[in-house]
Structures are given as structure tokens and as C-alpha cells.
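Right, one structure below, let's go through it.
The sequence lines fix the lettering, A, B, ..., with proteins before strands; numbering per chain opens at 1.
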There are 2 protein chains.
Amino acid sequence: MGIQERKERERERRRQQIIVAAKRVFSEKGFTKATMEDIAKEAELSPGTIYLYFKNKDELYASLSLRILQYLNIRLEHVAQQKGLSNDERIKALKEAMFDVYNFDPLVVINMFHLQSSETLKNLSPELLAEIKQLSQSSLKVISEIFAAGIQDGVFIEKHPVALADVLWALFSGVVLWEESKKIINGEKDYLKETLEVAFDIFGRGISKSVA
Amino acid sequence: MGIQERKERERERRRQQIIVAAKRVFSEKGFTKATMEDIAKEAELSPGTIYLYFKNKDELYASLSLRILQYLNIRLEHVAQQKGLSNDERIKALKEAMFDVYNFDPLVVINMFHLQSSETLKNLSPELLAEIKQLSQSSLKVISEIFAAGIQDGVFIEKHPVALADVLWALFSGVVLWEESKKIINGEKDYLKETLEVAFDIFGRGISKSVA
DNA sequence: TTCAAATAATAAATAGCGTTCATTAAGCCA
DNA sequence: TGGCTTAATGAACGCTATTTATTATTTGAA
């Protein structure tokens, strides 16, 4: 029985090794310019081997996002479970969790949002798509429950909490992507932190029933 | 001298003909699956000819966005110039302008936001990039001036108007892209209009100094 | 009207890259 | 040890963006 398990572990380790290599290459060259050969070389494998572990290039790319989605989930759960936070503090904690996830690995987060907004999504295996779906739904659920609680308490406006969660998610991804574009278009420096502060501030004020 | 001008016109017409064909093909197949041959066939030209008018596939794709950016500009200018609007009404007009632009050609707007958030941007000629830059800056300028006026009037919170414009833009693109993803991931129906309403509502409340 | 030069369009060739497949190597069990 | 399963390889395939050599068309002067 032990051999089966060892093989399982070895397979998983090789998968991770490929993911690490892919991440490096994608980060350096971008999705299109990174070739499967580049990645294979980085992982010290032959191109064909990668296909024993990932269906295709899109799927390998998408796999990078899974870990960060898991991390996001954990951070959000944490925010939800903290006791004794006012609703304002909880929004603030939400902001910090998201910014924290971004800082944990900015390139992968940007990748994830690129992915989210692209036809690549249509090329994934049902299994991987289901995993992504499950993780993102779970994150949104946590967020919307936080909002539901605030509405219950009468401090947030009475909108559908799921819609509020969608708006927050859209705001976060929108700001990240837009700041990234600005860097490319205008060669501007990175205002992400500042813009995100403003965005969350406005959002927090906007969903509060009364503002000082 | 008339010949020069006729040639100019003919060249422009052919460009447009290619753009129309490209739009149809990209819409139907998506960027990756659409081949230059498909587009050439749709335009009743040979593939090589397209390269006499567009530097490459990315640039052709990006060109689709130019017209919609121009349209957006016009709509926004219009909102800025309308007299006698309260600041609240102006925010509402802003929302309507953006939603209107979206409805004018949803696929192209989605394309534009995809483009904005991708490495494709790095493949464009300096000229096209400059055009895109000029148009998007112009739109953001109009928006930020509206905010500046509201701050002047003391009805909007005192944040940098450019930051507010960035946040609004990020919010708009974020909502459009996220609703689009949800359609793919969850096969959900389109809640764009509703989500956009909520988003603008929150934003409007968030930037107002006092809320009823 | 004619004809060289310029312009426009084409179709075929090129090159790069994702993906597949026939082959080889390694590890396992009887 | 020797067949058998699994893992890995790297060369071949096919597709497609882009280039280029060639052909057709238009222009403007002689």
C-alpha cells in the first residue's frame, strides 16, 4: 500500500515543480511569449512531460491561481470569524485581507484577474473550472455573509448582500487591473495601494446607512 | 490633387472594411480562435493584404476599441457640458453614459476591457498606443473634472478627483468583466444592469459628503 | 495613346509553437 | 530474473501569424 502513496506524493511533487517553473517563466515573459519549451527547460523536463500533468498551456496557467484563491479564502474566513468587530472594522479588515493577498504574490493575483476576464476560461477542463468556481464562490459567500450581518444590524443599506459582494469583488479586480494598465500605457508608477484605499473608503461609506 | 484624396478615402474605407470583418469574426470565435485567414475571408481579401493596413493581429484587435473610446468621450463631454444638473444628477448621468456606451456595442466594450488588462497592450505600435492613451486620458479627465466641481461645491468628499475618476473607471470595467466571467463560470444569466446600478449607487453615496 | 514607375493585392513560403505520439527507460512484482 | 506497468522523452505534426516574391492595377508623363 505504501508504494501507491509514495507514487502519489511524487506525482504531486512533480506537479508543483512544474507550477513553480511555470510561474517563473510566465512572470518573466508573460503568457503568450512564454513557450512550453521554456517552461520545460526551467523545470528540467521535456515538453511532452508537462502534458502528463496538465492538459494544456491554458490549464497550466490557470492552475497558478488556485493556491492564491485558497489563500484568499482562508484570509476571508479569518475576517468573518473574528469576534467583536464593528461593521466598519470588518470592512477595513476585508480591505486588509485583500491587499494582503495581493502582496502575497502580486504577479499571480494579476494573472488570476487576467484569467478571470478572458476566453482562456473556456479552454479549461471541467474539473479545473469546477475547482475555480468552488473557490471563488466560497470567497464571495464569506463576503456576502459579512454584508448580510451588517444589514441585519441595520448599519448597511438594504441591498442584496450577494450583489454587494459582487461589487466589492469587481472593485478590487478592477482597481488592480486598471492600475496595472496605467503602468503599461502611461509608464506611471504604482498607485495601487493609494487607489485601493480610496476605493475601499468610498465603498465603505457607500454601503453605510449613515455617514458622519 | 483629387487623386491623392480619393486614394486616402479608399484606403480608409478598406481599413474600415477589415475592421468590420474582424469584429464579426472576433465576436463569433474569440480572439485566439479567430485566424487571420478567417478575417481575410470575411473581408474578401487575402491574409497578406490585412498586413498592409494593420501591423499585426493584436493591433487589429486593439483598433476595434478606438471607435468605442471616441464614442465614450463624446458621451462624457456631453454629461460634463449639460447645465443645471445637481451633482447627484451628474453622477446619474455618468452612469447612464457608461451603460449607454456598453449597450452601444457590448462585445467591443468587453473586448476593450480585456485588452486593457492584458499583455496585448505591449505588442502595439507606439502610434496606436498613443491614440489609446490620449482617448482614455481624455475620458478620465472629463470624469475627474466633474468630481472636482462637486468637491468645489462642497458636496463631494475631499479626495483627489483623479483618484476618484480612476476608482469609477475601475469599478465600471471591473463590474463588466466580472459579470462576464460569472456567465462563463456559472453559466449564470446576465445581471450586468442590476449590478451596475448597485455599484453606481454605492459609489454615489460613498463620495457624497452627507447621505440621507 | 503608351509605357515605365508606383501602388496594391495576392498566394505561397517561412518560422514558431502547442500538442501528440512512437519509442525508450525505469521501477515493480511474480 | 524477466515480463509488465508507468514515466519520460524528443522528434514529428499541424496550425497559424507573418513575410516575401510575384502579379495585377493604376498613375502621370512623353
Side-chain angles (χ1 to χ4, degrees), chain A residues 1-19 21-22 25-26 28-64 115 118-125 128, chain B residues 1-19 21-22 25-26 28-64 115 118-125 128:
Chain A
M1 282 295 121
I3 286 171
Q4 189 77 333
E5 286 160 19
R6 175 174 56 77
K7 290 224 166 184
E8 194 65 29
R9 272 201 310 280
E10 280 173 358
R11 187 178 166 78
E12 187 52 33
R13 189 164 297 167
R14 182 129 291 183
R15 253 186 76 96
Q16 290 306 322
Q17 166 193 1
I18 294 170
I19 284 184
V25 177
F26 281 136
E28 192 187 329
K29 303 198 162 187
F31 178 76
T32 312
K33 285 191 181 152
T35 70
M36 292 303 269
E37 207 187 327
D38 290 336
I39 296 167
K41 221 169 256 170
E42 180 74 31
E44 297 176 297
L45 292 169
S46 74
T49 305
I50 298 179
Y51 287 86
L52 299 174
Y53 294 86
F54 296 92
K55 191 174 142 250
N56 55 40
K57 192 183 174 187
D58 282 338
E59 190 135 342
L60 174 54
Y61 186 65
S63 298
L64 301 184
L115 172 71
S118 85
E119 53 191 23
T120 303
L121 228 38
K122 294 173 187 158
N123 262 337
L124 306 181
S125 65
L128 181 57
Chain B
M1 284 300 118
I3 286 173
Q4 189 78 330
E5 287 159 20
R6 174 174 58 79
K7 289 224 166 185
E8 194 67 29
R9 272 201 310 281
E10 280 173 357
R11 186 176 167 79
E12 187 51 33
R13 190 164 294 166
R14 181 128 292 184
R15 253 186 76 95
Q16 290 306 322
Q17 166 193 1
I18 294 169
I19 284 183
V25 177
F26 282 136
E28 193 185 328
K29 303 197 162 187
F31 178 77
T32 312
K33 285 193 180 148
T35 70
M36 292 303 269
E37 207 188 327
D38 290 336
I39 296 167
K41 220 170 256 171
E42 180 75 30
E44 296 176 298
L45 291 169
S46 75
T49 305
I50 297 179
Y51 287 87
L52 299 174
Y53 294 86
F54 297 91
K55 189 174 143 252
N56 55 39
K57 192 183 174 186
D58 282 339
E59 189 134 342
L60 174 54
Y61 186 65
S63 298
L64 300 185
L115 172 71
S118 86
E119 54 191 23
T120 303
L121 228 38
K122 294 174 188 159
N123 262 336
L124 307 181
S125 66
L128 182 56

So B:F31 and B:F26, would you call those rings parallel, tilted or perpendicular, with 30° and 60° as cut-offs? parallel
To the nearest Å, how far apart are B:Y61 OH and D:dA17 C1'? 17 Å
Kindly say if A:T35 contacts the phosphate of C:dC17, meaning a side-chain N or O under 4.0 Å from OP1 or OP2. no
Mark yes or no for whether A:T49, through its side chain, and A:L45, through its backbone, hold a donor-acceptor pair below 3.5 Å. no
Take atom CZ of B:R15 and atom C1' of C:dA9, then tell me their distance rounded to the nearest Å. 17 Å
Rounded to whole Å, how long is the line connecting atom CG of A:D58 with atom C1' of C:dT19? 12 Å
Test item: side-chain donor near acceptor, A:R14 and A:Q17, under 3.5 Å: yes
Roughly how many Å is it from NZ in A:K41 to C1' in C:dG16, rounded to a whole number? 13 Å
Would the number of heavy atoms belonging to other residues, nucleotides or ligands and lying under 6.0 Å from CD of B:E119 be above 12? yes
Rounded to whole angstrom units, what separation is found between the CD atom of A:E10 and the C1' atom of D:dA7? 11 Å
Spacing between B:M36 atom CE and D:dT19 atom C1', to the nearest angstrom: 12 Å
Between D:dA7 (C1') and A:R14 (CZ): distance, integer Å: 9 Å
Determine the contact category for B:A34: base if any of its heavy atoms lies under 4.0 Å from a base atom, sugar-phosphate if only primed atoms, P, OP1 or OP2 are that close, otherwise nothing. sugar-phosphate
A:P47 side-chain proximity, nearest of D:dT9, C:dT19, D:dT18: C:dT19
Let's see if you can work this out: which of D:dA8, C:dT10, C:dC28 has an atom nearest to the side-chain heavy atoms of B:S46? C:dT10
Whole angstroms only, please: what is the CZ-P distance between A:F54 and D:dA8? 13 Å
Please confirm whether the shortest side-chain N or O distance from A:Y51 to OP1 or OP2 of C:dC21 is below 4.0 Å. no
If only atom types and distance count, is the side chain of A:K55 paired as donor or acceptor with the main-chain N or O of A:N123 below 3.5 Å? yes
Check every atom of D:dT6, C:dT19, D:dT9 against the side chain of A:K7 and return the nucleotide holding the closest atom. D:dT6
